[in-house]
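Notes to accompany the following structure.
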Amino acid sequence: MVDKTRSWWGWGNTEDAISGTELDELISRVRGMLPQADLTPVPVPSITELGIGTSGLTAPTGLASLCSDDPADRAAHTHGKAFRDVVRNLAGDLDHVPDLVVRPTTEQEIIDVLDWCSRSNIAVIPYGGGSSVVGGIEPRLDGDYAGAVSLDLGELDQVMEIDRTSRAARIQAGVFGPALENRLRPHGLSLRHFPQSFEFSTLGGWLATRAGGHYATGYTRIDDMVESLRVITPSGTGQSRRLPSSGAGPSPDRLFLGSEGTLGIITEAWMRLQDRPRWRGSTSVHFTDYDTAVAATRAIAQSGLSPTNCRLLDAAEAFLNAGTAVSGGVLVLGFESADHPVQAWMERAVELCRDHGGELPAPPRYTDAPTPREGRTTADNWRSAFLRMPYQRDALAARSMIVETFETACTWDRFPALHAAVVEAANAALASTGASGVLTCRFTHLYPDGPAPYFGVYAAGRPGATLQQWDEIKAAVSEALHAHGGTITHHHAVGRDHRPWYDRQRPDPFAAALLATKTTLDPNGILNPGVLLPV
C-alpha cells in the first residue's frame, strides 16, 4: 500500500478503483443483464461537504499526541466497508462519527486510554483495518456516552519473535496481511490466512472476528492457528500460556476469539505458521446439474483429501464472475503442499467429480515453483474477479445497483432446504422492494459435516432507496437462514447488523454467562457497546 491512498468512503485504495476499460466492460455486462437499471453515477462527496463538527472530547495531556480530530481521519473511521456503509458514505450520511481517532504505540498507552475512557464514560471502538461489513466498528451507540473514540491499533504492527523450530511467531495485532507475510517470507514460513480483505485487514481484526481465510479446508479459520493471546481489558491484562493444546478447563483464548472488541483489546498473539507451499495443482470441473455438483463437493469434503481450494460456483456465479456458461456449476479445485507433489490427491478428487458427472475442460495444471501460468482457465478468471469484486461493488453502488453478499454455514442434510428457502426469500424481497436482479451462490469453505454457502445479490435498485431495499432483502434472507438451521454468519462476525439474529441463535445460558463476563472485564461498559450484547 506504499504511495497509495486509502479510500475514506469505499474499498481499498483510490488508485485501484474501477475505471477506464474495466469500468466500461462492467457497465456493459450490467446493462446486458439488467437493461432497465439506472446507472447514473453519484459523485463522491468531499470531506468538507460532510458537515463533521468539532470533537466533543478533549484528551488528557499525556494522551493528546496520540489523538486525531481531523475530519478526514474521523470520517474514515466512521463506517466499515459493507454495501450499506458505502451507500451512506456516498450520501454524506455520517451520523455517528467518532470524536477522536486514537493511535497507541505501546500497551501502556492502551491501558491509559481505557482508564481515561472508563473514568469519563467514553465508548472505545477497537479498529484494525476497518474492513468490517457488519457494523462492527461504527460508533452507533445505545446508551448515554460522553463520546466515542476509535482505537486504531495500526502502530502495533511488528513480528516480535519467530520460533522456527515450532513454526510459530509472536505477532502484534495491528500488522496488515501483506506486511505480515513479507516478514515471514525470509524464514520460509507463512500464516497462510488470506481472506478477501487480506490487503486491508489486520491480525487483531482476524482474531477478534474469528475470520475465515481463502482456503476451503484444513487450517482456514483463524481460531485454529492460535497458540496464545495477550489481551488488555479495563480490569487488567491477561496472557494465556503458549501451548500446542491443553485440556486444562475452558480455553481462555476461545473467550476472546470472536469477542469483537467487547471484552478486551487483543494486542498480540503467538500464531501457528506453516512452511510455504512448493507444489501446487489446480483445475476446474464443470457440471450440468447443480445437485450432483453439490454431491461431488460433499464427497471431496468427506474424503480426507483436504484440498486447499474447493469452491463450488453455481451457474449464475460462474457466468457473472468467471465468464463461464454452464448449466450446473463449476468446481474450482486446488491442492498445495510444502512436502510433496500433489498429483495423487488431485487425481483422486477428479475421479470423485467424474463419478458425479463432472467434466474437465482442460487437464489439471501442476507447478513446483511460483512460476507464471500459461493461458487462463475458469479458475483464473474467478480468482481475478474475486480480488476485484469489492471495487466493482463500489462502482455499482455509486450507480444505484444493489450489490451485496451474505454467508452462512449449515449441515449437508439441511443445505437443499436452506438453499431453496434463501432463494425464495431473496426473490420475494426483491419483488416487494421493486428491485429486479439475480441471486448467486458459491461454497467458500467446506467441512465433512457441511458447507459454508456464500450468496450474492446483484439487483437494479431505485436511486436514493437502495439502502432501504437492501435492508429489507437482508432481513428476509436472515430470517430464512435462522429458520432453516443456518448460522447468521460463518466468517463475517456479528457486529451491530447481525445482533437481532445472533441474540436468537445463541443459547440463553451462554448469553447470561457472556454478559457476566462482560460486566467483570469491562464494568463500565465502554468497549464496543452494542456489539454481541445489549448495553
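Values below: every heavy atom of this structure, side chains too, minus hydrogens, waters and symmetry copies. For this chain, numbers begin at 1 and follow the sequence in order.
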Point to revise | Shortest non-hydrogen contact between Q36 and A460, atoms and distance | key: NE2-CB, 4.5 Å
**Study point:** Backbone of H491 reached by a side-chain donor or acceptor of E407 within 3.5 Å
**Key:** yes
Review point. Going from OG on S131 to CZ on F200, what distance comes out if it is rounded to the nearest 0.5 angstrom?
Key: 10.0 Å
Check your understanding: Is there side-chain contact between L257 and L229, with at least one heavy-atom pair below 4.5 Å?
Key -> yes
**Study point:** Heavy-atom donor-acceptor pair, K4 side chain to T14 backbone, under 3.5 Å
**Key:** no
Exercise for review: Decide yes or no on ring-ring contact (aromatic ring centres under 6.0 Å, His included) for F406 and H498, but give the supporting numbers first.
Suggested key: CA-CA 11 Å; F406 52 93; H498 285 154; 9.7 Å; no
Exercise for review: Kindly say whether T433 contributes a backbone atom to a donor-acceptor pair with the side chain of Q469 at under 3.5 angstrom?
Suggested key: yes
**Study point:** Residues, nucleotides or ligands: over 12 heavy atoms within 6.0 Å of Y447 OH
**Key:** yes
Exercise for review: Check whether more than 12 heavy atoms from other residues, nucleotides or ligands sit under 6.0 Å from atom CG of D508, and answer yes or no.
Suggested key: no
Practice item. Work out which heavy atom in D497 is nearest to a heavy atom in G135; give both atom names and the distance. Key: OD2-N, 3.4 Å
Check your understanding: Going through the distances and angles, do V457 and L430 end up as a side chain to side chain contact (heavy atoms under 4.5 Å, CB included)?
Key -> CA-CA 9 Å; V457 174; L430 284 167; 4.3 Å; yes
Point to revise | Cationic tip of R280 above F335 ring, under 6.0 Å, 45° of axis | key: no
Check your understanding: How about R506: does its CZ atom have over 12 heavy atoms from other parts shown lying under 6.0 Å from it?
Key -> yes
Review point. Is a side-chain donor-acceptor pair under 3.5 Å present for N528 with R496?
Key: yes
Review point. Would you call R210 and E260 a salt bridge, using N to O less than 4.0 angstrom?
Key: no
Check your understanding: Distance-only, no hydrogens or angles: does the S303 side chain make a donor-acceptor pair with backbone N or O of I300 under 3.5 Å?
Key -> yes
Check your understanding: Charged N to carboxylate O below 4.0 Å: is that the case for R399 and D394?
Key -> no
Review point. Can you tell me if CD on E15 sees more than 12 non-hydrogen neighbours from other groups inside 6.0 Å?
Key: yes
Check your understanding: Do W9 and L94 come within less than 4.5 Å of each other through their side chains, counting heavy atoms only?
Key -> no
Review point. If you measure only the distance, is there a donor-acceptor pair under 3.5 Å linking the side chains of E49 and S46?
Key: yes
Exercise for review: Check the pair S190 / Q274 against side chain to side chain contact (heavy atoms under 4.5 Å, CB included), numbers first and verdict last.
Suggested key: CA-CA 5 Å; S190 170; Q274 300 181 54; 5.6 Å; no
Check your understanding: Is the CD atom of E22 crowded by more than 12 outside heavy atoms at less than 6.0 Å?
Key -> yes
Exercise for review: Report the C-alpha distance between V494 and V531 in whole Å, list the side-chain angles of each, state the deciding distance to 0.1 Å, and finish with yes or no for side chain to side chain contact (heavy atoms under 4.5 Å, CB included).
Suggested key: CA-CA 7 Å; V494 175; V531 170; 5.6 Å; no
Review point. With a 4.5 Å heavy-atom cut-off, do R192 and E336 have their side chains touching?
Key: yes
**Study point:** Rounded distance (nearest 0.5 Å) linking atom OG of S436 with atom CE of M33
**Key:** 9.0 Å
Review point. So which heavy atom on F287 is nearest to which on V326, and how close?
Key: O-CB, 4.1 Å
Revision key, fill the gap. Distance col, row L514:CG vs L532:CG, nearest 0.5 angstrom, shows 6.5 Å
Check your understanding: Is the shortest distance from a Lys or Arg side-chain nitrogen in R88 or D85 to a carboxylate oxygen in the other one below 4.0 Å?
Key -> yes
Check your understanding: Quick one: do D471 and R84 make a salt bridge, cutoff under 4.0 Å?
Key -> yes
Check your understanding: Strictly by modelled atom types, are T78 and E138 linked by a side-chain donor-acceptor pair under 3.5 Å?
Key -> no
**Study point:** Expected output: side-chain S327 to main-chain T288 donor-acceptor under 3.5 Å
**Key:** yes
Review point. For L39 and M401, what are the C-alpha separation, side-chain angles and deciding distance, and is it a side chain to side chain contact (heavy atoms under 4.5 Å, CB included)?
Key: CA-CA 8 Å; L39 299 179; M401 286 286 292; 3.8 Å; yes
Review point. Backbone N or O of D449 within a donor-acceptor pair of the Q302 side chain at under 3.5 Å?
Key: no
Review point. Would you call W8 and N89 a side-chain contact if the rule is heavy atoms closer than 4.5 Å?
Key: yes
**Study point:** From CD1 (I222) to CZ (R272), nearest 0.5 Å
**Key:** 11.0 Å
Check your understanding: Taking the six-membered ring of F443, is NZ or CZ of R311 closer than 6.0 Å to its centre and within 45° of its axis?
Key -> no
Point to revise | R388 to Y391 six-membered ring, cation-pi geometry met (6.0 Å, 45°) | key: yes
Exercise for review: Of all the heavy-atom pairs spanning V285 and C353, show the shortest one and how long it is.
Suggested key: CG1-CB, 3.8 Å
Review point. Can you tell me how far CZ of F83 sits from CD1 of I473, rounded to the nearest 0.5 angstrom?
Key: 8.5 Å
Check your understanding: Side chain of E181, backbone of L191: donor and acceptor closer than 3.5 Å?
Key -> yes
Check your understanding: Does D289 use its side chain to pair, donor to acceptor, with the backbone of T292 at less than 3.5 Å?
Key -> yes
Check your understanding: Under 4.5 Å between any side-chain heavy atoms of H77 and D152, yes or no?
Key -> yes
Check your understanding: Is there side-chain contact between T5 and N13, with heavy atoms separated by less than 4.5 Å?
Key -> no
**Study point:** Side-chain H-bond candidate by donor/acceptor type, Y458 with T440, under 3.5 Å
**Key:** no
Practice item. May I ask you to test the S132-I137 pair for a side-chain heavy-atom distance under 4.5 Å? Key: yes
Point to revise | Pairwise distance CD1(I266) to OG(S259) - rounded to 0.5 angstrom | key: 5.5 Å
Review point. Would you call the rings of F194 and F198 parallel, tilted or perpendicular if under 30° counts as parallel and over 60° as perpendicular?
Key: perpendicular
**Study point:** Side-chain heavy-atom pair H484, R414 within 4.5 angstrom cut-off
**Key:** no
Point to revise | T217 (side chain) donor-acceptor with P307 (main chain) under 3.5 angstrom | key: yes
Point to revise | Sidechain-backbone polar pair: K518 side chain, L263 backbone, donor-acceptor under 3.5 Å | key: no
